[in-house]
Amino acid sequence: MVLHNFIVFEGIDGAGTSTQLKKLAEKVSSSRLFITSEPTDLPTGIFLRRMLRGEFSVDEKTAAYLFGADRCEHVFGTGGIVENLNAGRLVVSDRYFFSTLAYQSVSCGNELPRMLNSLFPLPELLFYFRINPEVSFGRVISRGEKTEIYEKVDFQQKAAILYDKIMQQYNGTPSAETMKLITLDAAKPIEETAEIIWSYLKNMSILKS
């Protein structure tokens, strides 16, 4: 199942997804655009963000379940993705289940993450921000903020490899028949990347109505 007018930005930490969401928000009226992210700002997501900051630890399989629970609320809960789509908005999310397939598979294998996320709908457009992990990790460090538990260069290298494999699986497969995957060189200048993204979105009927 594909959710039309649902867009997802994916990539390892420091790939530039958050920056591009800000650029997009400058182009589209807030009444037509709903920007969101995972983990969410819901209680489920707040709990996850505390875990990511290292305030406490859980088994990696537990983490996979928690991300799935937060995602279910994100998609189907009050004020979530489906509700905003039904209200006639373009919904753009910074991360979705592709992140779980990459990140949680590093530490607990791919069987559980795939099972937990197999029934979530696909986005209409998936932008994959592909970048060298060393480059993206340098961006993370340059922020001067405390890094999260997955923001380690060796982990990011493993996640990047899995991301590539996941995108290959979704590119042109029957399950992704109506989802369009666009791979971006996330090392390119911010404005150049923003223009590429906008070239795909500007002609969408929801932004013209």
Side-chain angles (χ1 to χ4, degrees), residues 1-41 71 74-75 80-82 84-103 120-140 142-143 156 159-160 162-173 175-209:
M1 175 185 175
V2 169
L3 293 179
H4 293 286
N5 300 316
F6 176 37
I7 316 296
V8 170
F9 288 2
E10 283 283 1
I12 57 175
D13 293 285
T17 57
S18 298
T19 297
Q20 291 302 325
L21 283 173
K22 292 175 183 176
K23 300 297 291 184
L24 180 60
E26 295 171 0
K27 290 184 169 71
V28 183
S29 166
S30 59
S31 63
R32 292 175 176 263
L33 179 68
F34 177 66
I35 290 178
T36 185
S37 64
E38 293 189 0
T40 67
D41 292 329
R71 184 163 297 120
H74 191 206
V75 176
I81 291 168
V82 169
N84 276 278
L85 290 172
N86 289 339
R89 298 184 182 93
L90 180 70
V91 176
V92 187
S93 181
D94 186 358
R95 299 192 181 280
Y96 191 44
F97 70 74
F98 308 97
S99 289
T100 290
L101 297 183
Y103 279 67
F120 286 116
L122 291 163
E124 181 176 354
L125 292 177
L126 169 60
F127 289 94
Y128 172 40
F129 289 61
R130 193 172 188 273
I131 192 169
N132 183 303
E134 286 78 11
V135 174
S136 64
F137 187 69
R139 293 177 178 178
V140 171
S142 70
R143 296 171 187 164
Q156 295 293 314
L162 286 171
Y163 255 128
D164 281 347
K165 290 180 179 178
I166 291 160
M167 296 306 163
Q168 288 172 7
Q169 291 165 2
Y170 276 93
N171 189 18
T173 63
S175 63
E177 197 170 302
T178 53
M179 179 187 78
K180 185 174 182 61
L181 169 64
I182 301 102
T183 300
L184 302 168
D185 180 355
K188 287 187 175 181
I190 291 171
E191 292 299 333
E192 184 176 340
T193 301
E195 285 305 312
I196 293 171
I197 294 170
W198 184 238
S199 72
Y200 284 94
L201 301 186
K202 65 183 179 181
N203 294 319
M204 294 183 71
S205 58
I206 195 169
L207 297 182
K208 290 186 170 184
S209 59

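Nearest heavy-atom pair, Ala186 versus Ala15, reported as atom, atom and distance to 0.1 Å: CB-O, 3.3 Å. Looking at every heavy atom in both residues, Ile12 comes nearest to Pro133 through CD1-CA, 3.7 Å. Scanning all heavy atoms of the two residues, the minimum distance from Ser18 to Asp94 falls at OG-OD2, 3.0 Å. The nearest pair of heavy atoms linking Met204 to Leu125 is SD-CD1, 4.3 Å. Here the shortest heavy-atom pairing between Ser37 and Ser93 reads CA-OG, 4.0 Å. Counting all heavy atoms, side chain and backbone alike, Pro121 lies closest to Val75 at CG-CG1, 4.2 Å.
For Gln20, there are no side chain to side chain donor-acceptor pair (under 3.5 Å) partners, not counting sequence neighbours. For Tyr103, the ring-ring contact (aromatic ring centres under 6.0 Å, His included) partners are Tyr150, Phe155, not counting sequence neighbours. Scored by the ring-ring contact (aromatic ring centres under 6.0 Å, His included) test, Phe129 finds Phe9 as partners (sequence neighbours excluded). Here Arg130 pairs with Asp164 under the salt bridge (charged side-chain N to carboxylate O under 4.0 Å, His left out) rule; sequence neighbours left out. Scanning for side chain to side chain contact (heavy atoms under 4.5 Å, CB included) contacts around Asn84 gives Phe34, Arg89, Val91, with sequence neighbours left out. Shown here are the salt bridge (charged side-chain N to carboxylate O under 4.0 Å, His left out) partners of Asp13, two or more places apart in sequence or in another chain: Arg95. Under the rule for a side chain to side chain donor-acceptor pair (under 3.5 Å), Glu124 has no partner lying at least two apart in sequence or in another chain. Checked against side chain to side chain donor-acceptor pair (under 3.5 Å), Glu195 has no partners two or more places apart in sequence or in another chain. With sequence neighbours excluded, no residue forms a side chain to side chain donor-acceptor pair (under 3.5 Å) with Asp41.
Here the OG-CZ distance, from Ser99 to Arg71, works out to 7.0 Å after rounding to the nearest 0.5 Å. Atoms CG and CG, on Leu33 and Asn5 in that order, are 11.0 Å from each other to the nearest 0.5 Å. Once rounded to the nearest 0.5 Å, the distance linking OG1 of Thr36 with CD1 of Ile7 reads 13.5 Å. In this structure, Ile182 CD1 and Ser199 OG are separated by 8.5 Å, a value rounded to the nearest 0.5 Å. To the nearest 0.5 angstrom, Leu181 atom CG is 11.5 Å from Ile166 atom CD1. Taken from CZ in Arg139 to CD1 in Ile131, the straight-line distance is 3.5 Å, to the nearest 0.5 Å.
Taking the six-membered ring wherever Trp is involved, the centroid distance between the rings of Tyr128 and Phe98 does not fall below 6.0 Å.
For the ring pair (Phe, Tyr, Trp, His ring centres under 6.0 Å) condition, the pairs that include at least one residue of residues 181-205, sequence neighbours left out, are Phe127-Tyr200. Here salt bridge (charged side-chain N to carboxylate O under 4.0 Å, His left out) pairs that include residues 196-205, with residues two or more places apart or in two chains, number zero.
Contact check for Tyr170 versus Leu101: side-chain heavy atoms found under the 4.5 Å cut-off. Residues Leu90 and Arg32 form no side-chain contact, since every pair of their non-hydrogen atoms from C-beta on lies 4.5 Å or further apart. Inter-residue side-chain proximity for Leu126 and Tyr96 is flagged as unmet; no heavy-atom pair is nearer than 4.5 Å.
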Enumerate donor-acceptor pairs with a distance under 3.5 Å from any side-chain N or O in residues 22-30 to protein atoms, sequence neighbours excluded.
| unit_1 | atom_1 | unit_2 | atom_2 | d |
| --- | --- | --- | --- | --- |
| Lys23 | NZ | Glu191 | OE2 | 2.5 |
| Ser29 | OG | Ser31 | N | 3.2 |
| Ser29 | OG | Ser31 | OG | 2.8 |

